[in-house]
Amino acid sequence: MFAAKSPSIPPLSFSEKSLKCPNYCLKLRLPFTSAHPANKNSTHRCLPCIRSSLSLDLDKSVTEYTPAQTRVDILAESLPYLQKFRGKTIVVKYGGAAMKSESLQASVINDLVLLSCVGIRPIFVHGGGPEINQWLDRIGLKPNFLNGLRVTDASTMEIVTMVLVGKVNKHLVSLINKAGATAVGLSGLDGRLLTARPSPKAAELGFVGEVAVVDPTVLRPLVENNHIPVIASVAADEKGQSYNINADTVAGELAAALGAEKLILLTDVAGILEDKDDPGSLVKEIDIAGVRKMVSEGKVAGGMIPKVNCCIRSLAQGVRTASIIDGRVQHSLLLEILTDEGAGTMITG
C-alpha cells in the first residue's frame, strides 16, 4: 500500500512533474508511485489527502494509476458536459491576451477543434486591434480612440478591412485547419451575414457601426456539416459602405440570431469581480438582475460595461447562458464548458 516517506526526507524538486494535495501536506510525483511531504511541517496523513485530491480507489495499488489512467478518468468525468452541449451552438469571441500570445492562441485553437470533434458547434468571432495598430503605424497613421472605440476614417477603414478580413481571419482559418478541423473564413459582408448601420456617434467616430440585421442563412449549412465559421467583425450597410463593428457586439448578435446555447467572451480579466481591486472576489455566476445591480453600484465599470451589456442583450434574445472568461488561462474554453468550476463569470437569464 501507498505510504508517505518520513518528514526528514526533503521535498521533491519543483522542476519535476508533480501534483500537490489541496492541504499542501503531500507532493506526488508522476507516475504517483511515491509521496513526499510537501514541506517539513506537514502533519496530515497521506491517504485521506490522496483520496480527496485524486479521488483514488484505495483498494487498488497506487501504481495502477498512471498518467494515462488519470487522463481517462478526467475524460470520463466530462461526459455529462459533452452530452449537454453535443449538437449545440456556442459562439466564442476571441481577442485580448489570447490573441497576442502564441501559446494562448494555440490553446484556444486546440480547444475549439476538440469541441468540434466531440459534436459541439463552435462559431468563432474575432477582432484584431493590436494588428490593426501595427499596420496603421507602418503606413504612418496614428490610431485614435474615443471612449475605447477606434475613430475610423476612410483610410483607417481600408486598413481595418485589409487586416481583419484578409490577414487575421485567414491566419486563424489556417491554424484551425492545421489543428485538424475545417474552418471557413467569413466577414459580415459575406452572404449578407450582417447588415450594419452607422453608430449614433458617427460624426465623432467615423465608420464605426452597429449591427442592424443578422441573416445567418450562410452559416447554417457550414455548422451542420461540422465546419467552424471564423467571422471578422466588419460589415456593410445597405449602400455598401463598410463599417468596423465591435467584435463583442457581433458575437452577441450572432448568438441571439442562431439561438446559441452559450456565448463566451474571452477577455484579459478573471471575469466580473465583486471588488475590482481584489482578483480573488470573482463572481462565478450571476443573473441579469444581479449584474445590473452591480453596474448601478459602480462595481462593474469601464470596459467591462459594454461586455456585460452585450451578454444581457443576447440573453434577452434567447441565448441560454453568457460567460465572460479569462483568456489568459490555458484551455479556458474547456474549463468553462466541460467543468463546474468554469474560467470566469457566467451570466444567466
Taking the side chain as every heavy atom from C-beta outward, state whether [X] and [Y] have any atom pair closer than 4.5 Å.
X: Phe207; Y: Val160; answer: no
X: Leu333; Y: Ile325; answer: yes
X: Asn133; Y: Arg150; answer: yes
X: Ile132; Y: Leu164; answer: yes
X: Val125; Y: Tyr94; answer: no
X: Val118; Y: Phe85; answer: no
X: Arg192; Y: Val218; answer: no

For the pair [X] and [Y], find out whether any cationic side-chain nitrogen is under 4.0 Å from an anionic carboxylate oxygen.
X: Arg197; Y: Glu238; answer: no
X: Lys239; Y: Asp237; answer: no
X: Lys262; Y: Glu336; answer: yes
X: Asp248; Y: Lys93; answer: yes
X: Glu341; Y: Lys284; answer: yes

Other than Val213, which residues form its hydrophobic cluster under the rule that side-chain heavy atoms must be closer than 4.5 Å?
none
Around Glu297, counting heavy atoms of other residues, nucleotides and ligands shown, do more than 12 lie under 6.0 Å from its CD?
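It does: Glu297 CD has more than 12 such atoms within range.
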Got a donor-acceptor contact below 3.5 angstrom from the Asp190 side chain to the Ser187 backbone?
yes
